[in-house]
Amino acid sequence: MKCLPASKLPYANGVALHDWHAEVLALRAFNRFVLDECRRLAQDRTAGSDFLRRRTHEELSALSSNSHSPFWSGQSFAWREDRTLHMYCSEAPCGDASMELIMSSQEDATPWASPPSPSPSPSPTQSQSQSQPQPPTQPPPVLRLLGRGYFSHLGIVRRKPSRPDAPPTHSKSCSDKLALKQCTSALSSLAALFVAPAAGAYLASIVLPASQFSAEGCRRCFATRMGVVGGGGGEVGEGKGREWGGGYGFAGVRVVVTAGEEFEFSRRGILAAAAAAAGGGGGGGKEDGEVRMAASNLAVAWTMDGAVEEGLIGGVLQGRRGVDVKGASLVSRRRMWMAAVEVAAALGDEEIMRELRKGTYDEVKEGALLEARRKVKEEARAEALKGWVRNTGDGGFSL
């Protein structure tokens, strides 16, 4: 299922990735690239970048004097205004944006009956006093964080889909994580210590092939349910959303559809290639003519500067076992924290360095400089992405 079970998080040690679905891995690789660019610019004050720019002393001074926000905004860099971010997905993001596609692929699309509440049966005393108001019961856990099951429940936060016999995970679906990025920007917490979360740091669009696009699903996932913080526009990429301070503000992502174009190695691409090979007498399928595909357990991370080029299995480097630090990916929590320390040292920024020298990863993320980002996430989860269960347990490690 390409994510860690909740029971394994306490043993991850900052080495194993919690989630290596393609969208999440791409975002982690992007943030590693950002940190590497920051380090390069910090080490060579004469160097330039096609993606980042240095914030001037006047710009930082003006922000400090004119801002009424209580939040820190002293990042040394900003994403260049003439560069925009776009994410291509060969498959619809798992979760809410793809539920209509899941329903249409079922032989029987009849909604599943909701499971009964696990609350205990009433005692005789309770049964005799039905007229008295009863305290509300919590929704069944399965309804609070579903995988791809119970597909008639729409607009809710879901966990990563998996086989029914797979151990439970608290990793949220790619739809939910991308919806939240409309509030926090594409920057991770560590990257946001160095790069301001300005407009250019938010995803401008998500690009999907027509076969993987559901207008209703994408509208609900990225606009309708986010309306309380997104301005209530109701359409993807529209509406002026909430501004939190510290540079953060809701930025609705557009969904762009490619007509008639498929990624060569997508499911449809493979089927088309197999059909073409079979038609040309080259085989390409089983004897019964059916092409059978199995999901690979291998994930690959790559960045355009070549600094990251890795194969991952089970959330660690291919060929490594367990959570030995030698198996940590360059995009793992541990290696990203190490990279952030190198950037702060190269900048000579003692304020950021004090935050990064804290004892544990959790303490770093709870630092004062990231207060604005925490507020954004807390409000978005409480008001728009209700039912979000935090994936905790791997924050106690140290460098």
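Index from 1, following the sequence. Since this is a predicted model, take the numbers as computed values, not measurements.
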Under 4.5 Å between any side-chain heavy atoms of [X] and [Y], yes or no?
X	Y	answer
Phe263	Ile270	no
Val195	Gln75	no
Arg225	Leu385	yes
Leu271	Met293	yes
Ser175	Met99	no
Ile156	Asp96	no

So does [Y] get a backbone contact from the side chain of [X], meaning a donor-acceptor N/O pair under 3.5 Å?
X	Y	answer
Asn13	Val15	no
Gln212	Ala92	yes
Lys160	Cys94	no
Ser332	Ala16	no
Asp19	Ser171	no
Glu216	Glu100	no
Asp362	Gly393	no
Ser205	His86	no
Arg28	Val331	yes
Asp349	Ala344	no

Determine, for [X] against [Y], whether the closest basic-nitrogen to carboxylate-oxygen distance falls under 4.0 angstrom.
X	Y	answer
Lys181	Glu23	no
Arg357	Glu363	no
Arg53	Asp82	no
Asp36	Arg40	no

Honestly curious: do [X] and [Y] fall in one hydrophobic cluster under the side-chain, below-4.5 Å linking rule?
X	Y	value
Val325	Tyr361	no
Leu180	Val228	yes
Leu27	Val207	no
Leu399	Met353	yes
Val24	Leu312	no

On a heavy-atom basis, which atom in [X] and which in [Y] lie closest, and how many Å separate them?
X	Y	value
Met103	Leu154	CE-CD2, 4.0 Å
Phe250	Phe222	CZ-O, 4.2 Å
Arg32	Val308	CG-CG2, 3.6 Å
Leu193	Ile352	O-CD1, 3.2 Å
Gly14	Asp394	N-OD1, 2.9 Å
Cys183	Ala380	SG-CB, 3.9 Å

Apply salt bridge (charged side-chain N to carboxylate O under 4.0 Å, His left out) to residues Lys358 and Glu355 and explain how you reach the verdict.
CA-CA 6 Å; Lys358 292 186 175 179; Glu355 296 292 314; 3.4 Å; yes
Check Phe33, Tyr202, Phe30 against Trp79 for a ring-ring contact (aromatic ring centres under 6.0 Å, His included) and give me the one that passes.
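Option passing the ring-ring contact (aromatic ring centres under 6.0 Å, His included) with Trp79: Phe30.
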How would you list all residue pairs meeting salt bridge (charged side-chain N to carboxylate O under 4.0 Å, His left out) that involve residues 327-347, not counting sequence neighbours?
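Applying salt bridge (charged side-chain N to carboxylate O under 4.0 Å, His left out) to every pair that reaches into residues 327-347, excluding sequence neighbours, yields Arg39-Glu342.
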Leu9 and His170: CA distance, side-chain angles, deciding distance, side chain to side chain contact (heavy atoms under 4.5 Å, CB included) verdict
CA-CA 10 Å; Leu9 287 185; His170 285 163; 5.9 Å; no
Should the ring pair Trp337 and Phe397 be called parallel, tilted or perpendicular, given that the plane angle runs from 0 to 90° and is split at 30 and 60?
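The arrangement is perpendicular - the two ring planes meet at more than 60°.
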Full working for side chain to side chain contact (heavy atoms under 4.5 Å, CB included) between Arg80 and Phe51
CA-CA 5 Å; Arg80 285 182 51 162; Phe51 305 97; 5.7 Å; no
Would Leu190 and Val364 satisfy side chain to side chain contact (heavy atoms under 4.5 Å, CB included), going step by step from the backbone distance to the final call?
CA-CA 9 Å; Leu190 293 174; Val364 171; 4.1 Å; yes
In terms of side-chain heavy atoms, does Asp305 have a donor or acceptor partner in Thr303 at a distance below 3.5 Å?
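Per modelled atom types, Asp305 and Thr303 side chains form a pair under 3.5 Å.
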Would the Phe71 and Tyr248 ring centres measure less than 6.0 Å apart?
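Centroid separation for Phe71 and Tyr248: 6.0 Å or greater.
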To the nearest 0.5 Å, what is the distance between [atom1] ([X]) and [atom2] ([Y])?
X	Y	atom1	atom2	answer
Cys38	Gln43	SG	CD	11.5 Å
Leu208	Ser90	CG	OG	9.5 Å
Ser61	Glu59	OG	CD	10.0 Å
Met226	Gln182	CE	CD	5.5 Å
Arg55	Leu63	CZ	CG	5.0 Å
Asp176	Arg158	CG	CZ	9.0 Å

With sequence neighbours excluded, what pairs up with Trp244 under the side-chain hydrogen bond (donor to acceptor under 3.5 Å, both in side chains) test?
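Residues passing side-chain hydrogen bond (donor to acceptor under 3.5 Å, both in side chains) with Trp244: Glu379.
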Would Glu37 and Phe77 satisfy side chain to side chain contact (heavy atoms under 4.5 Å, CB included), going step by step from the backbone distance to the final call?
CA-CA 10 Å; Glu37 278 288 278; Phe77 306 103; over 6 Å; no
Could you tell me which residues satisfy side chain to side chain contact (heavy atoms under 4.5 Å, CB included) with Glu378, sequence neighbours excluded, listed by chain and number?
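Glu378: side chain to side chain contact (heavy atoms under 4.5 Å, CB included) contacts with Arg374.
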